There are 2 protein chains.
Amino acid sequence: MDAVKIPTTRNGKATFQLIIDTTLDLFYKQGYHNTTIANITETAGIGAGTFYLYFPNKLMLYKHILKLLQHDIRRTIAAKVSTVEGRYNKEKEGIKTFIEYAIKYPHSYNIIWESLYIDKNLFIEYYDGFAKRYEIGLKQSILDGEMHDVDTELVSYILMGVSNFIGLKVLLNLGTNNNDVEKIVDQVMSIIKTGIFK
Amino acid sequence: MDAVKIPTTRNGKATFQLIIDTTLDLFYKQGYHNTTIANITETAGIGAGTFYLYFPNKLMLYKHILKLLQHDIRRTIAAKVSTVEGRYNKEKEGIKTFIEYAIKYPHSYNIIWESLYIDKNLFIEYYDGFAKRYEIGLKQSILDGEMHDVDTELVSYILMGVSNFIGLKVLLNLGTNNNDVEKIVDQVMSIIKTGIFK
DNA sequence: TCATAACCTGAAGATTCATTCAGATTATAT
DNA sequence: ATATAATCTGAATGAATCTTCAGGTTATGA
């Protein structure tokens, strides 16, 4: 068996969820590679064998968690973006939501990035998928005349790079100005809008 | 002993270097966590005990390598940037050199990023240091009237984010347009210069 | 040349960790 | 009520890996 086994009863579901919650916390604190199965089961207060009732190994558990997080982060951004009009506002809302998300759920941010060092293909799938979605909106904005005729693929990577590094900065508390997300986002947007050179 | 022991004789230096070269390759191909000491010594064709003659453990070897790479990448960029005049040209040269470096030495790029999941402080030190250097140049450009009065800390993170994600894109061969670095850099610069919105 | 320090080896012990499994408990549907 | 499936346990096995060390080789400087 190499797939995740979904429990059917109430007790089973609770244990399943307990494993996921415990693991989220441990992966965040210690990283994927430094977290052992024994580590997870002991912290969760369950028998070692119970783990294997639901997950064939640590990697499958990671993949399962990654999928959950990806859905959640995308859903959150999509929901927020849909509440505003115009590409500029949508872009701003997207970046803001992403950074807020990174601050609110540093676990997620951390675990998604770690995929690069667990299974490179997971990472590629994630960011390539993200970029492709981005491009759809960008292309529309160009058609609408809201945006210059840029290379949408490149711009989607640029925007991901910007969001991710600002997220990283805020998350790791690098530098000094981390207090006010709204303010940070405003500045980022103004730079994206008009460029930095005279 | 918890430090790296530098060899004194010619043979010693050769073995030391052999360990580093072998490890660079293995870390790149398999990642830090999937690379064992036995793995390194066998590939290098030396006895297991020889490793411990120079490095107390894998982490110290990693730190040593990371330091070497950081110096090299910074030196390379600084050298290139100093050959051109004006902040815009310097910025362009910096981004171009960074991306070229990532393509030429994917090992380095990969190993530096991995620090986030080996020892978070190493990662923080690296990028915070990089940002601080960046800021010096940016501040000067503002004084010279070449650049808008932006938040230099924020802009340095934005520029790092952009370079890193473009590097990532090219490296992982994401998307389609990866052939011509010069062309990519030109587009990136034009976006940074004038912004993306009308 | 030869004493000495540096260098090198790989088998062996120690440790950590993943995974199994026989046996026990619990929930649920009929 | 009870048969059945689902759930749970944790000691035990075994595989992978780190690290040491006693003994051997090589290079170098006096």
Side-chain angles (χ1 to χ4, degrees), chain A residues 1-66 111 114 117-119, chain B residues 1-65 114 117-119:
Chain A
M1 183 72 78
D2 62 341
V4 173
K5 162 96 183 301
I6 306 292
T8 57
T9 71
R10 185 143 51 88
N11 275 19
K13 279 181 215 278
T15 303
F16 186 86
Q17 193 58 45
L18 178 62
I19 291 174
I20 289 176
D21 292 340
T22 305
T23 304
L24 264 171
D25 201 47
L26 289 175
F27 278 178
Y28 178 60
K29 284 183 185 150
Q30 322 177 341
Y32 173 85
H33 292 285
N34 293 323
T35 302
T36 65
I37 309 283
N39 224 320
I40 293 168
T41 54
E42 271 163 30
T43 307
I46 61 178
T50 305
F51 178 90
Y52 294 95
L53 230 49
Y54 303 112
F55 303 97
N57 51 49
K58 197 170 62 162
L59 180 60
M60 284 302 146
L61 168 58
Y62 175 82
K63 284 189 180 181
H64 183 79
I65 288 177
L66 187 64
I111 286 174
E114 197 166 15
Y117 296 101
I118 294 169
D119 181 343
Chain B
M1 182 74 79
D2 61 341
V4 172
K5 163 98 184 302
I6 307 291
T8 57
T9 71
R10 183 143 53 88
N11 276 17
K13 280 183 215 274
T15 303
F16 187 85
Q17 192 59 45
L18 179 61
I19 291 173
I20 288 176
D21 291 340
T22 305
T23 304
L24 264 172
D25 201 47
L26 289 176
F27 278 179
Y28 177 61
K29 283 183 185 151
Q30 322 176 342
Y32 173 85
H33 293 285
N34 293 323
T35 302
T36 66
I37 310 282
N39 224 320
I40 293 168
T41 54
E42 272 164 29
T43 307
I46 60 177
T50 306
F51 178 89
Y52 294 95
L53 231 48
Y54 302 111
F55 303 97
N57 51 48
K58 197 170 64 165
L59 180 60
M60 285 301 147
L61 168 59
Y62 175 81
K63 285 189 180 180
H64 183 79
I65 287 177
E114 198 166 13
Y117 296 101
I118 294 169
D119 183 343

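Proteins get letters first, then strands, A, B, ... in listed order; numbering begins at 1 in each. Computed from a predicted structure; not experimentally measured. Values below: all heavy atoms of this structure, side chains included; hydrogens, waters and symmetry mates excluded.
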- Message: Counting the atoms with a prime plus P, OP1 and OP2 as sugar-phosphate, which does B:Gly12 contact under 4.0 Å by heavy atoms, base, sugar-phosphate, or nothing?
- Response: sugar-phosphate

Sequence neighbours left out, cut at 3.5 Å: what donor-acceptor pairs do the side chains of residues 57-64 of chain B make with other protein atoms?
{"unit_1": "B:Asn57", "atom_1": "OD1", "unit_2": "B:Leu59", "atom_2": "N", "d": "3.3"}
{"unit_1": "B:Asn57", "atom_1": "OD1", "unit_2": "B:Met60", "atom_2": "N", "d": "3.0"}
{"unit_1": "B:Lys58", "atom_1": "NZ", "unit_2": "B:Tyr32", "atom_2": "O", "d": "2.8"}
{"unit_1": "B:Lys58", "atom_1": "NZ", "unit_2": "B:Thr35", "atom_2": "O", "d": "2.8"}
{"unit_1": "B:Tyr62", "atom_1": "OH", "unit_2": "B:Ile111", "atom_2": "O", "d": "2.6"}
{"unit_1": "B:Tyr62", "atom_1": "OH", "unit_2": "B:Ser115", "atom_2": "N", "d": "3.0"}

- Specify the angle, to 10°, made by the local axes at the two ends of the helix from C:dT1-D:dA30 to C:dT30-D:dA1 when five pairs are taken at each end. 20°

- Item | From CZ (A:Phe51) to CG (A:Asn39), nearest 0.5 Å | 11.5 Å

- Message: If you take any heavy atom closer than 4.0 Å to DNA chain C, which residues from residues 13-46 of chain A end up in contact?
- Response: A:Thr36, A:Ile37, A:Ala38

- For A:Asn57 and C:dA18, what is the distance between atoms CG and C1' respectively, to the nearest whole Å? 10 Å

- 5'-most by nearest nucleotide on DNA chain D - B:Thr50 or A:Thr8: A:Thr8

- Item | Interatomic distance where CG belongs to B:Leu59 and P belongs to D:dT19 [whole Å] | 11 Å

- Would you indicate what A:Tyr54 reaches in the nucleic acid, counting non-hydrogen atoms under 4.0 angstrom: base, sugar-phosphate, or nothing? sugar-phosphate

- Name all residues meeting the salt bridge (Lys or Arg N to Asp or Glu O under 4.0 Å) criterion together with B:Asp25; count only those two or more places apart in sequence or in a different chain, and write none if there are none. B:Lys29

- Item | Euclidean distance, atom OH of residue B:Tyr52 to atom C1' of D:dA22 [Å, nearest integer] | 18 Å

List the atom pairs, with distances to 0.1 Å, where a side-chain N or O of residues 6-15 of chain B and a protein N or O form a donor-acceptor pair under 3.5 Å, not counting sequence neighbours.
{"unit_1": "B:Thr9", "atom_1": "OG1", "unit_2": "B:Gly12", "atom_2": "N", "d": "3.2"}
{"unit_1": "B:Thr15", "atom_1": "OG1", "unit_2": "B:Asn11", "atom_2": "O", "d": "3.1"}

- Item | Separation of atom CG in B:Leu53 from atom C1' in C:dA6, rounded to whole Å | 8 Å

Quick one: which protein N/O atoms are closer than 3.5 Å to N/O atoms of nucleotides 24-30 of chain C? Pair and distance per line, please.
{"unit_1": "C:dA27", "atom_1": "OP1", "unit_2": "A:Asn11", "atom_2": "ND2", "d": "3.4"}

- Message: Please report the distance, rounded to the nearest Å, between CE in A:Met60 and P in C:dT19.
- Response: 11 Å

